[in-house]
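Atoms within each ligand, like the ligands themselves, are counted from 1 in listed order.
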Amino acid sequence: MNPFQLLQPETLEEALSLLNTDDPSVRPVAGGTALMLMMKSKVFTPHTLVSLQRLKPSLSGIRLDDAGDLHLGPLASLRDVERSPVVAEFTPVITQAMQTLSNVRVRNVATVGGHLAHGDPHMDLPPILMALDARVRISGQAGEREVALPEFLTGYYTTVLNPSELITDVVVPALPNGLSGTYLKYTALSADDWPMCGVAAFVRMQGGVVAEARVAVSAATERPVRLTGVESFLRGRRPAAEAFEEAAELAAAGVHPLADIRGSSGYKREIVKVCVRRALEQALAARTRNGGVAHE
Ligand SMILES: Cc1cc2nc3c(=O)[nH]c(=O)nc-3n(C[C@H](O)[C@H](O)[C@H](O)COP(=O)(O)OP(=O)(O)OC[C@H]3O[C@@H](n4cnc5c(N)ncnc54)[C@H](O)[C@@H]3O)c2cc1C
């Protein structure tokens, strides 16, 4: 690795002032799990890294607010999220997804903020947060803004973040009563590999029909996406096998998978179809189990 300078601000204001520069080789670093890989392969050669570690006491909390919204501090590690009783009570789908994310060494170090800011479409948490209507709070010299996840993740490894901005909170709105869900991922190379397809599905039933469906797909797509066409197709329908099959066909027709070492575009489209159908079935079945996560 090339030598670089490591700055360790004590406050958010100090960190923001250090990032407020025109030099593109100045970058914040949280857990460093993604950045270090890029630096070792020389994809990214920073002049200066601004470590966020000393902001941990103020930016790693996991809590519910008075409205019942869940807040995930950007410096909470993925292991903190996995072990949080607050998260488990809010939805076990997040807890269980964390348990199969890579390995415990990565989860101990990787942070929520780095996970989202990296913009890698193969991450496990973004499709779940997207299906849960999460918003990202961002701070910069000009002030604060809040962005919904579909607008935050703009493309393949890209987000709306300016180089001088930091994620300061992730807010998941309180869930409506009766919403049950699942996260299902398919790994093509090994059990603990990055997902080749991830599907988060949530359903809420009323009077024997689907009152609300939420479906987000990641990894097979260039960025996580909400399948709004599938969601409206399911609304008002009885949750019969044919409806889920048709919804899965719609999902596959609506995505544009990128070919890579984990599979061709056509193969990934088939996997999306299978995963969406199974995720919907499992989300429905999870009503009696209060949430769930599946791994293929
Ligand atoms: C071997 C390995 C296997 C993995 N497998 C999986 C997997 O199966 N599933 C999965 O989901 N993930 C997987 N990951 C990815 C892991 O989840 C991410 O690398 C991690 O979440 C990134 O977090 P970090 O804190 O280490 O980010 P860093 O590496 O510190 O930073 C990543 C990016 O985010 C920016 N950044 C960090 N914090 C902030 C902030 N608060 N505001 C603004 N920008 C910020 C940095 O500048 C950088 O651009 C794997 C990683 C490794 C190394």
Next on the checklist: Determine whether L49 and L7 satisfy the following criterion, side-chain contact (heavy atoms from CB on, under 4.5 Å), listing intermediate values before the conclusion.
Outcome noted: CA-CA 6 Å; L49 289 184; L7 302 178; over 6 Å; no

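- At the shortest separation from atom 46 (C) of ligand 1 among protein heavy atoms lies P28 O, 3.1 Å.
- Contact atoms of ligand 1 toward T111: 21 (O), 23 (O), 24 (P), 25 (O) (distance under 4.0 Å to a heavy atom of the residue).
- The nearest protein atom to atom 14 (N) of ligand 1, hydrogens excluded, is given as W194 CH2, 3.1 Å; this is a heavy-atom distance.
- With ligand atoms numbered from 1 in the order given, ligand 1 contributes 30 (O) to contacts under 4.0 Å with heavy atoms of V29.
- Residues S25 and D23 bring a donor and an acceptor atom of their side chains to less than 3.5 Å of each other.
- In terms of hydrophobic clustering, with Ile, Leu, Val, Met, Phe, Trp and Tyr side chains grouped at heavy-atom distances under 4.5 Å, M130 and V160 are assigned to a common cluster.
- Close N/O approach between L161 and ligand 1 is not found [any backbone or side-chain N/O within under 3.5 Å].
- The contact set between ligand 1 and A34, taken as ligand atoms under 4.0 Å from a residue heavy atom, comprises 19 (O), 26 (O), 29 (O), 32 (C).
- Residue R27 approaches ligand 1 through these ligand atoms, each under 4.0 Å from one of its heavy atoms: 47 (O), 48 (C), 49 (O).
- The ligand atoms of ligand 1 that sit less than 4.0 angstrom from a heavy atom of G31 are 24 (P), 25 (O), 26 (O), 30 (O).
- Looking at E245 and E249, their side chains come closer than 4.5 Å, going by heavy atoms from C-beta outward.
- For ligand 1, the atoms closer than 4.0 angstrom to any heavy atom of A30 are 25 (O), 30 (O), 37 (C), 38 (N).
- Looking at atom 17 (O) of ligand 1, its nearest protein heavy atom turns out to be H115 ND1, 3.1 Å.
- A 4.5 Å side-chain heavy-atom check between R235 and V210 finds every atom pair outside the cut-off.
- Close contacts between ligand 1 and D124 involve ligand atoms 7 (C), 8 (O), 9 (N), 10 (C), 11 (O) [criterion: under 4.0 Å to a heavy atom].
- Using a 4.5 Å cut-off on side-chain heavy atoms (C-beta onward), L101 and R107 make contact.
- Both L19 and L75 are assigned to one and the same hydrophobic cluster, defined by single-linkage of ILVMFWY side chains at heavy-atom distances under 4.5 Å.
- In this structure, R27 forms a cation-pi arrangement with F44, its terminal cationic atom sitting closer than 6.0 Å to the ring centre and no more than 45° off the ring axis.
- Of all protein heavy atoms, the one closest to atom 44 (N) of ligand 1 is A117 CB, 3.3 Å.
- Heavy atoms of N103 found under 4.0 angstrom from ligand 1: none, in either backbone or side chain.
- Protein heavy atom nearest atom 3 (C) of ligand 1, with residue, atom name and distance: S102 OG, 3.2 Å.
- Residues L116 and V136 are in side-chain contact: their nearest non-hydrogen atoms beyond the backbone lie under 4.5 Å apart.
- The closest protein non-hydrogen atom to atom 18 (C) of ligand 1 is T33 OG1, 3.5 Å.
- When the heavy atoms of P195, G119, G32 are ranked by distance to atom 30 (O) of ligand 1, first place goes to G32.
- In terms of protein heavy atoms, atom 41 (N) of ligand 1 is closest to I167 O, 3.4 Å.
- Checking only distances, P74 never comes within under 3.5 Å of ligand 1, N or O to N or O.
- Among all non-hydrogen protein atoms, the one lying nearest atom 1 (C) of ligand 1 is V106 CG2, 4.0 Å.
- Remark: the backbone N or O of A110 is not paired with any side-chain donor or acceptor of T33 at under 3.5 angstrom.
- Considering backbone and side-chain N/O of L35, one or more are found under 3.5 Å from N/O of ligand 1.
- To the nearest 0.5 angstrom, Q141 atom CD is 6.0 Å from L16 atom CG.
- Annotation: salt bridge (Lys or Arg N to Asp or Glu O under 4.0 Å) contacts involving residues 60-71, sequence neighbours excluded, are absent.
- Using a non-hydrogen distance threshold of 4.0 Å, L75 does not register as a contact of ligand 1.
- Annotation for ligand 1: atoms under 4.0 Å from non-hydrogen atoms of L52 are 38 (N), 39 (C), 40 (C), 41 (N).
- Seen from the ring of F233, R237 counts as a face-on cation partner, given the 6.0 Å and 45° thresholds.
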